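Heads up: the structure comes next, in structure tokens.
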Amino acid sequence: AEQLVASGHAYPCFCTPQRLAEVRKLQQQRREPPRYDGLCRRLDPAEAAQRRANGESAVIRFKTPREGETVSVDLLRGEIRVENASLDDYILLKSDGLPVYHLAAMVDDHLMDITHVLRGSEWLPTFPLHVLIYQALGWEQPIWVHLSVFLNPSGKGKLSKRHAQGKDKGAGGVYVTDLQAQGYLPEAINNWTALMGWSLDDHTEFFPMSDLIESFSLERLNPSPAAVNFSKLDHFNGLHIRGLPLEALVARIKPYFEAAKLELPIGEDLLLRIAPLIQERIRTLDEAVEMAGFFFSSTVDPDPNELVGKKMTPAESAQAVRRAVQAIEAVESFSSAALEQGLRELAEELDLTAGQLFGILRAAITGQRVSPPLMESMEILGRSLVLERLRQADQALQKVAAAE
RNA sequence: GCCCCCAUCGUCUAGUGGACCAGGACGUGGCCCUCUCAAGGCCAAAACCGGGGUUCGAAUCCCCGUGGGGGCACCA
């Protein structure tokens, strides 16, 4: 700042905040743009220096040229020309001796040999000032890149905490920690955000981080603002979940099962068998618990109405359950293939569709109306647990039948 | 109010003068597959903000509107 004062590019200003406020107020009344009126700019430099030496409180302002225009070059937008007359004499150094961003960032970047400055487009209005500072100091400018801001999903206003609600999830959020809690993968979030304002070509959308690092280029950045689309985040999350090796998926979903405080211990061996069943069925990691939580409960508690098969009575459903128990007891190797064969034969024998019978069994065994594939789930659960749950379903159904 | 930026389907985008009666993705609707739900496959609806130019020719270049966004602190 002192260097700029010495070279005539800046000057001390003794105006009080109160006077500044009054000037501003007057300008607003006259519908003029609020700007410093230049009182101290006209001071004799020697006199100003003396007042400072006497300990008078002052800030240092940039002496913005009154004439001409400043040409700033943004990599994405090209030349941005601004009339210097529309610029203010910005404060560079506060009266407490601390520099404001405008000065600090320029000096810092230069001293650290920064070659590319990538920042939000909210800096565009003060971009000419920054260029002027570089020029006044006689420094070579970095390459400037102003990234467009993200807009709220509605496209109204920039993304805010309040409006950044995940449509599909209800909770949403702009903090990565929020997104993480909701089961979003860091790589999916990166992929999603990378594609807002940037694209590689016409068809590539799925980017693992390594590909992103390899393919990203400043030149293909887009200067227009982008409204965030949370359903697209869901899509990318599903893509990245499906791209995960099983072991990695297990490691990712385990914390969500643990957080759910389920009845049975969360064993990795068990999760490893469950993972392939749910991998293509979940969009967020926390959904793994909704989908497969029943594996970690000793009993399930289905709604008795869900146990009744389509177009069937409770008594008929109970009968089907009992026959299924027999069929399952009769299966020699407790495998999904053997179970499926036995149960399909049973359905045919009972004159039921596979959908009818499996629907009843699904509710009885998983306690859910939506679940991973039934046969595979049964195989993982084991024969005794499956039979136990079916017997409980039988009893529940008999109660319903008796009540009718 | 003043200054700056931006402008292709609802959303993210491809498109840098002719290859575009505009392509992809998400979402939406339909069909197929199917034990539920997904995943997957196929199909459909859906856009060049408006007006002037420049040009043989404009989504692409220029101007003016309009719309949207951002900024106008001794914040960053």
Side-chain angles (χ1 to χ4, degrees), chain A residues 13 15-17 20-21 24 27-28 30-35 57-61 72 74 76-77 80-83 85-88 90-102 104-105 119-128 146 148-151 153-158 167-168 192-193 195-206 220 222-236 238-239 241-242 277-283 287 290-291 340 343-344 347 353-363 366 368-377:
Chain A
C13 172
C15 295
T16 62
L20 261 20
R24 216 171 340 226
Q27 287 167 330
Q28 275 171 3
R30 279 179 271 161
R31 306 223 155 162
E32 289 170 5
R35 264 201 287 269
S57 179
V59 300
I60 302 293
R61 285 183 183 275
S72 316
D74 175 86
L76 310 182
R77 286 159 256 256
I80 296 172
R81 316 181 86 95
V82 179
E83 292 291 332
S86 74
L87 267 22
D88 201 355
Y90 300 92
I91 288 172
L92 262 22
L93 201 69
K94 299 189 281 179
S95 59
D96 63 5
L98 288 174
V100 299
Y101 171 88
H102 302 306
R119 33 138 66 159
S121 67
E122 60 267 31
W123 292 106
L124 241 22
T126 46
F127 184 19
H146 292 87
S148 66
V149 294
F150 285 174
L151 270 25
S154 64
K156 298 277 181 193
K158 63 176 174 180
K167 169 171 75 173
D168 297 7
W192 175 58
T193 52
L195 258 29
M196 284 189 278
W198 179 83
S199 63
L200 178 61
D201 50 41
D202 197 7
H203 55 273
T204 318
E205 290 231 306
F206 179 74
R220 293 196 59 87
N222 187 327
S224 57
V228 300
N229 182 345
F230 282 100
S231 65
K232 197 144 188 172
L233 205 213
D234 285 347
H235 168 70
F236 279 121
L239 245 34
I241 284 177
R242 275 171 256 139
L277 265 37
I278 61 173
Q279 185 163 32
E280 63 187 27
R281 267 168 256 267
I282 57 176
R283 311 203 97 195
E287 285 173 1
E290 299 165 32
M291 185 69 77
E340 178 155 11
L343 290 171
R344 280 191 188 280
T353 64
Q356 281 176 304
L357 180 61
F358 293 0
I360 298 169
L361 301 183
R362 166 171 286 105
T366 70
Q368 301 167 188
R369 96 194 295 163
V370 172
S371 82
L374 226 208
M375 304 306 151
E376 284 81 351
S377 297

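In this text the structure is predicted, and so the values were computed from the model without any measurement. Heavy-atom basis, side chains included; hydrogens, waters and symmetry copies ignored.
Of the candidates B:C12, B:C4, B:C6, B:C4 carries the atom nearest the A:V82 side chain, counting heavy atoms from C-beta on.
Taking the C1' atom of each, B:C62 and B:G71 are spaced 27 Å apart, rounded to whole Å. Here, B:A46 and B:G51 have their C1' atoms 25 Å apart, quoted to the whole Å. Remark: the separation of the C1' atoms in B:C26 and B:U36 is 25 Å, to the nearest Å.
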Under 4.0 Å protein heavy-atom contacts per nucleotide of nucleotides 70-76 of chain B, with B for base, S for backbone only and - for none: BSSSBSB

Protein-to-nucleotide contact annotation, 5' to 3' order, nucleotides 29-43 of chain B [B base; S sugar-phosphate only; - none; under 4.0 Å, heavy atom]: ------BBBBSS---

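Between the side chains of A:R77 and A:H146, no donor-acceptor pair is found at a separation under 3.5 Å. A:D201 and A:T204 share a side-chain donor-acceptor pair at under 3.5 Å.
Atom CH2 of A:W192 is separated from atom C1' of B:G27 by 15 Å (rounded to the nearest Å).
The nucleotide B:C49 finds its pairing partner in B:G65, both defining distances of the Watson-Crick or G-U wobble pair being shorter than 3.5 Å. For B:G18, the paired nucleotide is B:C56, the pair qualifying as Watson-Crick or G-U wobble because both relevant distances are below 3.5 Å. Pair assignment for B:G10: B:C26, on the basis of Watson-Crick or G-U wobble contacts that are both within less than 3.5 Å.
More than 12 heavy-atom neighbours from other residues, nucleotides or ligands sit within 6.0 angstrom of CZ on A:R119.
Side-chain contact between A:L361 and A:L343 is present, with heavy atoms from C-beta onward closer than 4.5 Å.
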A:K232 vs A:E205, salt bridge (charged side-chain N to carboxylate O under 4.0 Å, His left out): CA-CA, chis, key distance, verdict: CA-CA 11 Å; A:K232 197 144 188 172; A:E205 290 231 306; 3.8 Å; yes

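By the 4.0 Å N-to-carboxylate-O rule, A:R24 lies too far from A:E32 to be salt-bridged with it.
Of the possible polar contacts, one joining the A:R35 side chain to the A:S86 backbone as a donor-acceptor pair under 3.5 Å is found.
Within the 4.0 Å cut-off from OP1 or OP2 of B:A14, at least one side-chain nitrogen or oxygen of A:N222 is found.
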